Amino acid sequence: MAIGPTNEEARSTVTETPTVVSPAWLETHCETVTVVDVRDRREYEDLGHVPDAVNVPADRFRDPSSVAAGKLPDPDAFADLLGERGIDSGDSLVAVGDENGVLAARFLLTASVYGHEGELYLLDGGLEAWREEHELTTQAPALEPTSYEAELRDDAPIVDRQAVEAAAEGDAVVVDTRTPAEYDQSHIPGAVQLGWEALLDDAGRLKPDDELEDLLTERGISRDERIVLYCNTARRLSHTYVVLRSLGYGDVRFYEGSLTDWLRANSPDWDPIQLYENVREVASNGFEALPRELGEDVFGRLHLIGLYTQRQEGYFMLRTKVPGGILTAEQARAFGEIAEEFATAPEEHGGSEQNPVHGDGFLDVTTRQGLQLHWIRIEDMPEIWDRYDEVGLTTIQASGNTLRNVVACPAAGLGDETIDVRPIAERVADRFEGDRELANLPRKLKVSVAGCHENCGRAEIQDLGFTPAIKGGRDGFAVKVGGGLSDGPRAATDLGIFVEPNQVADLSEAAAKLFIDHGSYLDTAVNRLRFIVAEYGVDAFRDELERYAPFAFEPYDEAFTTDYRGDHVGVHEQDDGTSYVGVNIPTGRIGGDEFAELAALAEEYGSGQLRLTPNQNVVLTGVPDASLEALQDEPLLSTYSPDPGPFSRGIVTCTGREFCKYGVVETKGRGYRWAKGLDEWAEETGLADALETVRVHMSGCSASCAQPQIADVGLRGEVYRDDYESTRAADVGLGGDLENDAFVDWLVGSVPIDGIPSVIERTVRAYEIDREDGESFADWTRRMPDTELRRLVAEGPEPNRPVVGTEVS
Amino acid sequence: MSKSNQPRIPETKGVGGDPRERLEDVADPPGKIWFRDLDEAVIEADRCIQCASCVAACPSDSIGIDEAEGRPTLVRMCTGCSRCWDFCPRSGLRYERVLEFAAEERALEEPAIYAAKASDDAAAAGQDGGVVTALLAELVEAGELDGAVVARERDDDPLRGEAFLATSRTELLEAGGSIYNQTMGLGQVDDLLADADLETDDPDLALVGTPCTIQGVTALDRYDNPAADPIALTVALMCTRSFEHGRLVSRLAEFDVDPEAVDGLDVSGGTLYAYDADGGELLAEDVDAFGAAGLRGCDECTDFVGGAADVSAGSVGTADGETTIVVRTETGARAWDAAAAALEATAVERPETLEKLSAWNRRRAESILPREFDPEGEVGITYEQHLEAYDGTDREPEPLNPARVHQYEEWC
Ligand SMILES: Cc1cc2nc3c(=O)[nH]c(=O)nc-3n(C[C@H](O)[C@H](O)[C@H](O)COP(=O)(O)OP(=O)(O)OC[C@H]3O[C@@H](n4cnc5c(N)ncnc54)[C@H](O)[C@@H]3O)c2cc1C
Ligand code: HEM
Ligand code: SF4
Ligand code: SF4
Ligand code: SF4
């Protein structure tokens, strides 16, 4: 079907109504219309196009990474694009493409919602139909740029997730424009299926009107209904949109969010509690059975309950959530025993000697105050969960696209603070736990709460960081948003608002809901709250957030973060007269039996509580003066010391290549050996007394799991290659410093890994010689010119390189 | 906002158009490479020759193959390790140096050159003399190889090839003949092996491909990259250009050739032929008329003969029904001898046509290649060196286009 001009004129009062026209119509009207060819530039130029057609390639007007609604491009970019092509808003446009016109239709829809004033036509059958009768040309048309303006029309028929939910409950016909197979796999409940290609005949032309009407009526799609279209990536629905409008359907709207998101928030498969129960049920059938019984995509979903596949096929890493890093001795003991018993490597992977430093049965304390185990077999999970239940630990939402472990000051409740944040961290975690919608955000959400004045929550690198503030004499929090480390690190910005302690969970939920609505549209690679903050600007973001929050925003009077505390190692006084003792766990790795022993020490000498710190250390609280000495004399504390060497104290590493599928270099064993070696060097050279801590953070790849950006010396795994050899290496950055909101400068890339300790030695020695009184390492690096630092890092004695191609980790 | 929270002068290499760039509080070290850089310099710049070296090189399997466009795309997080760039013959890998290394480190004193044909049913199955098919079939049957990564036509799309792991004579016969689009077999070795259920978990395979693919795998092997471990023999198909399937089909349609009716294509002596199932000629047209359907990146390729391969095969310079063969390495010679029974071969002294075509191809490529052609240069080309040579040319990096970014789901 292709209606001619008479039909069209009859309807021309509604100018934005797109109309389908035939090649013959185009031929007679080619003088008065502008043909827009949406294919790739290369195809347009080299293979030829309709004479005088202008090229507006589809990949220039579909933009999943802008915060413009849906997959629409930024309006200014669209205006520039059309302006460059000499298009005026009043021009009649005929869109032409291949792929049966789906992208041509997308163009028309875009022009329509951005207020194009001229007529809009879709060429039936696309370029192929034109070619049957006509020649193409490779001659470029003469273009005279215009100043096109585009603005989203107020009545643009775009609907959001809530409207789809409402529509699904019956206030409109929801139409799934994908294939029947896709529909069968999953669809929005209540949606009818009408694949866009069903509207076309074998030659790719629109079917006759009466056939189309039959197809539509059969599905209950009628002119007096509101119609809501969706597909997966907002392409196919565009075609159906144009056809329905062309047929005179008045109220047609479309949903551009990703169906994937929508389904996740609504499907039982993505419900963490349901998933947990399902896994419990099938766990005894083993690893291989998981995809068979729970679906091919199960491994991605398992993150929601803390399970990650590790590098070695068939085994899992298990993350455990510890809000605020607070553990009772009972929990710590149970966890240590689980590590010893279940986190064990099979013989073929080295068994009890799998790790040269830590042997077997160990656990990792993470930078978000969580816990991680390796070598977990799915068959053991029910038993592990049973034991968790007994002591009140959980893996529900320990990871996945949801709230991550809530970070809190490790000394919360021990004194010297505005607010004890322990219950708040719990409450935030509880708010998200088990909530299907909040368990499925567009990406992860990181929250920290600190009641102290030393920014122990590292608010700058969180999506949402709460730090103490007052308002009219009341204690509460200031809020920083939009920080983060990976893909374009950004320090969070202060929103300037005051939040009562009992509003912290509300505000976190509000931010999550905002993220769902605005982030669902975004390109997954840039999908973090901070990109939304950056796009909107802080003020607009604050206004938007206020719409989601159940309370009105007011500014704080004063915020209290005064200085920045690096770690909690050592003996520190508490308000109640006892002390807390921070013991150093270099790289955060400790044997399960040793962890259980620490729990026993916490009971014997302290209050029976342990805290995990973001520096991968452990704090024992409430140790009375009388017991301090005895505690420090415990043999275990000579291994995990409250008074370690400066490098052991400062080392932080991620999981690394040993278990992580992304890792380029091994980190834990290496980090441990380096720290010990460098401590010895510092001892020998007399630097040990002068240096309290040197914070070396090493990530196995360029992801930020070890937070290298905030370290004195940041390292991230790389490779090095020259003409004859290839070896593991690291990027070296210096001078990260949260106190000054500074991230490291990545100075030198791909330094062969074995040369790194000497790089560290050179740099630290230069600092020691050169530093001014009280100057921190980070300050010193900022004072030194980059060229100088680069020389220091890069131009040491030639490191020993392994021979060609030893792919040692 | 504190001082350092304001954007610093960005030192990022990106060429714009990506929201990520607006947030760079931290500059990368000089020389840092992400997939993004490869994407902009090669793929978006329309220079990718679909050799799949990058796919094979990536240690975290972050690069997949875009089904619709048949080109590399990120399918999970990139860790910024630069391997893809390092092994891409259109960016970080100075392929002419790889060819030099191959000549220095692996080649026989003198290559052996033959005009050959299969003495069995492979002759009919093959494109020219069926030599490649016969050679591989012999080696597989003798247990010298566990299989060969070759190409066959897809069932659902006329003339479009796909990578195929042939593990028997029958399968090799089925895959005989040339496929004129790239199939990215090098990037699929692991997947093909996983599906194949071979008895051994340390297989020896042949890899057949265009010269660029062989450059990639040879370089990977030279640095002991595990991606090259299963490849025990490399066979290059001599090549002046490969085609983009969709454009090739459109172009055929312009000459009123129905792609469904085409059984085979051949490029020979500068002419592109299309044949139907009975061997009838549907089209004979100057191959330059198909220039628009070619991969633009092929213009930068001087390596017509596949100088990195153990064995190269082409039609140039031999009679119809024969294949021109160059045996270049010890490995190649052993394979050739082992398969002798299935081949009829005459040694060729001075393969003049081959040399002429090869020299012409090289001159043309050198005139187009924006960077210096330097067989003695360092094997690695840094991003900065690349930019220096390519910026301002019509092959310069194109900004990343978010609309083309594959929406991947794998995160920590
Ligand atoms: C893109 C391309 C361009 C070519 N251009 C020329 C040229 O200009 N001049 C010239 O002399 N020769 C050219 N050839 C080589 C020629 O077409 C024959 O492949 C060669 O002569 C071998 O013939 P044969 O009969 O011995 O091989 P066959 O017995 O037909 O065996 C060929 C083997 O290669 C596999 N194969 C085919 N195509 C591909 C592919 N694209 N990727 C991976 N594997 C593949 C097949 O599956 C088969 O196993 C080209 C080949 C290709 C693929
Ligand atoms: C399978 C491989 C990976 C492993 C084993 C791993 C491990 C970890 C661990 C143990 C942490 C500590 C935080 C916690 O307890 O939640 C962490 C944090 C982090 N990871 Fe990963 N990770 C992996 C992949 C990734 C990827 C793909 C990215 C980037 C997209 C990434 C980015 C980060 C970032 C930014 C942090 C932040 C630290 C913080 O804010 O505290 N990781 N990772
Ligand atoms: S991880 Fe390395 S090889 Fe893979 S895409 Fe990124 S830079 Fe390239
Ligand atoms: S040319 Fe080869 S290595 Fe380079 S991007 Fe393309 S497929 Fe990857
Ligand atoms: S001409 Fe060169 S670059 Fe192109 S496919 Fe052939 S070998 Fe590869």
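Numbers restart at 1 for each chain; the letters A, B, ... are given by sequence-line order, proteins then strands. In this text, all values refer to a predicted model and were calculated from it rather than measured experimentally.
- With a threshold of 4.5 angstrom between heavy atoms, A:V719 approaches chain B through its backbone and through its side chain.
- If you measure heavy-atom distances from B:E105 to chain A, the contacts under 4.5 Å come from the side chain alone.
- We find that B:R97 and A:D723 are joined by a salt bridge, their nearest charged nitrogen and carboxylate oxygen being less than 4.0 Å apart.
- Here the OG atom belonging to B:S250 is positioned 11.5 Å from the CG atom belonging to A:D46, to the nearest 0.5 angstrom.
- For the pair B:M77 and A:Y662, the minimum side-chain heavy-atom distance is below 4.5 Å.
- With a 4.5 Å cut-off on non-hydrogen atoms, A:R311 does not touch chain B at all.
- Contact count versus chain A (heavy atoms, under 4.5 Å) is highest, among B:E244, B:R94, B:E254, for B:E254.
- Counting only heavy atoms from C-beta outward, the side chains of A:V664 and B:R83 never approach each other to under 4.5 Å.
- Nearest heavy atoms, A:E718 versus B:S82: OE1-OG, 3.7 Å.
- Of the possible polar contacts, none joining the B:T79 side chain to the A:S702 backbone as a donor-acceptor pair under 3.5 Å is found.
- Taken from CZ in A:R716 to NZ in B:K32, the straight-line distance is 4.0 Å, to the nearest 0.5 Å.
- Only the side chain of B:D46 comes within contact range of chain A, with heavy atoms under 4.5 Å apart.
- Residue contact with chain B, scored on non-hydrogen atoms closer than 4.5 Å, involves the backbone and the side chain of A:L47 alike.
- For CD of B:E285, the number of neighbouring non-hydrogen atoms (other residues, nucleotides, ligands) closer than 6.0 Å is greater than 12.
- Within 6.0 Å of CD on A:E45 lie more than 12 heavy atoms contributed by other residues, nucleotides or ligands.
- Side-chain atoms of A:R721 and B:L93, non-hydrogen and from C-beta on, do get closer than 4.5 Å to each other.
- No side-chain donor-acceptor contact under 3.5 Å links B:Y223 to the backbone of A:T727.
- Interatomic distance, A:D40 CG to B:R247 CZ, rounded to the nearest 0.5 Å: 8.0 Å.
- No more than 12 heavy atoms of other residues, nucleotides or ligands sit less than 6.0 Å from atom CD of A:E135.
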